[in-house]
Amino acid sequence: MSVFINKMDENDKYSVALVDDDRVFLVSLKNSLQQQFNSSLKISEYHSGEEFMQGINNRPDIIILDYHLNDYEHPEAMNGMQVLHDIKSTLKDSIVIMLSSQDKIDVAMACLRDGAYEYISKSESAFVRIPNSIKNAIANLKSKEENDKYIKLRINKIIMICAVILVDVAAYCIFHFMKG
């Protein structure tokens, strides 16, 4: 894990939002991620989907979202799937990693079908899988950034070529009509 972190540029700082109503899990996860990623992540935490949606203008790069946010104490609260739909309609480029204590394939498939990047069960391996998923998400974000830069560069070259052709055509027309 430290190999990856050392390869990250010092200027790379990705924002990660943790959304979970289990405060103990939330604090444990935040501490674990801070320890593993040092200062390369800016981590914010939210205790409900509603709280996160109020702060959605912060536009996090990666969102770790609990599937079951509306427990017996807060049955009227938004569940993780509702929050996922709202995120995907608002922040299309954000990567959402769904967490759940449910280890059901149909729940995982529904989350992935609705736009989650990955589904992780809150099991013993969660504190290993979450950082690995974040590393993969960061690699995807970097790849997308590089691809976007490449596309912009290609578009600029095409515009320059078109401008040169237009100037050539204009010069030819002017020269040709002035002669005749």
Side-chain angles (χ1 to χ4, degrees), residues 1-22 25-67 69 78-100 107-123 125-158:
M1 193 167 306
S2 61
V3 173
F4 174 80
I5 294 168
N6 290 336
K7 285 185 178 179
M8 290 180 68
D9 295 336
E10 290 180 13
N11 297 333
D12 289 345
K13 190 155 189 159
Y14 292 91
S15 58
V16 176
L18 308 177
V19 186
D20 200 317
D21 58 338
D22 182 344
F25 182 82
L26 196 60
V27 169
S28 298
L29 181 58
K30 182 177 182 179
N31 291 338
S32 175
L33 293 175
Q34 285 174 332
Q35 183 180 25
Q36 293 178 47
F37 287 92
N38 300 324
S39 61
S40 60
L41 295 181
K42 179 183 176 229
I43 302 172
S44 52
E45 55 186 272
Y46 303 90
H47 301 105
S48 71
E50 289 82 359
E51 183 183 357
F52 171 74
M53 293 308 294
Q54 288 173 356
I56 201 164
N57 292 335
N58 295 336
R59 306 187 71 77
D61 299 307
I62 302 167
I63 302 153
I64 312 294
L65 176 63
D66 186 28
Y67 175 80
L69 292 170
M78 292 175 76
N79 68 34
M81 291 301 284
Q82 291 169 316
V83 178
L84 176 62
H85 289 132
D86 288 354
I87 291 168
K88 286 302 172 180
S89 67
T90 308
L91 305 174
K92 294 179 184 4
D93 292 337
S94 288
I95 293 177
V96 181
I97 299 168
M98 294 294 290
L99 298 177
S100 179
V107 173
M109 294 304 292
C111 292
L112 296 172
R113 181 187 60 238
D114 290 351
Y117 175 76
E118 190 167 346
Y119 179 88
I120 297 174
S121 176
K122 286 184 183 177
S123 62
S125 65
F127 281 84
V128 173
R129 291 190 64 211
I130 293 169
N132 287 336
S133 185
I134 289 173
K135 286 190 248 180
N136 292 336
I138 289 172
N140 283 345
L141 289 169
K142 284 183 175 184
S143 177
K144 184 181 180 326
E145 289 168 6
E146 288 298 317
N147 191 40
D148 289 348
K149 286 179 189 176
Y150 177 75
I151 289 171
K152 287 178 185 176
L153 181 66
R154 298 286 292 176
I155 290 172
N156 286 339
K157 284 182 180 180
I158 290 170

How far does OH of Y14 sit from CD1 of I95, to the nearest 0.5 angstrom?
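Interatomic distance, Y14 OH to I95 CD1, rounded to 0.5 Å: 9.5 Å.
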CG on N57 to CE on M53, rounded to 0.5 Å:
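The CG atom of N57 is 9.5 Å from CE of M53, to the nearest 0.5 Å.
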So do [Y] and [X] actually touch side chain to side chain, heavy atoms under 4.5 Å?
X: I63; Y: I97; answer: no
X: K135; Y: F37; answer: yes
X: Y46; Y: L18; answer: no
X: M98; Y: E118; answer: no
X: I120; Y: S133; answer: yes
X: L29; Y: I64; answer: yes
X: Y119; Y: V107; answer: yes
X: V83; Y: M78; answer: yes

Quick one: does [X]'s side chain have a donor or acceptor within less than 3.5 Å of a partner on [Y]'s backbone?
X: S48; Y: E51; answer: yes
X: Q35; Y: N31; answer: no
X: D20; Y: D22; answer: yes

Side-chain atoms of residues 110-117: list all donor-acceptor pairs with protein atoms under 3.5 Å, sequence neighbours left out, distances to 0.1 Å.
| unit_1 | atom_1 | unit_2 | atom_2 | d |
| --- | --- | --- | --- | --- |
| D114 | OD2 | H85 | NE2 | 3.1 |
| Y117 | OH | N136 | O | 3.4 |
| Y117 | OH | N140 | ND2 | 2.8 |

Cationic N near anionic O, under 4.0 Å, [X] to [Y]:
X: K149; Y: E146; answer: yes
X: D61; Y: K42; answer: no
X: D148; Y: K152; answer: no

Take S123 and S121 through the test side-chain hydrogen bond (donor to acceptor under 3.5 Å, both in side chains) and record every step on the way to the result.
CA-CA 6 Å; S123 62; S121 176; 4.5 Å; no
Please report the shortest heavy-atom distance between K30 and E45, naming the atom on each side.
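Reported closest heavy-atom pair: CD-OE2, 2.9 Å.
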Restricting to non-hydrogen atoms, name the atom on M81 and the atom on Y67 that form the minimum distance, rounded to 0.1 Å.
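M81 and Y67 have their closest heavy atoms at CG-CE1, 3.4 Å.
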Does the pair L41 and K13 meet the rule for a side chain to side chain contact (heavy atoms under 4.5 Å, CB included), with working shown?
CA-CA 5 Å; L41 295 181; K13 190 155 189 159; over 6 Å; no
Side chain to side chain donor-acceptor pair (under 3.5 Å): pairs with one or both residues in residues 88-98, sequence neighbours excluded
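For residues 88-98: none.
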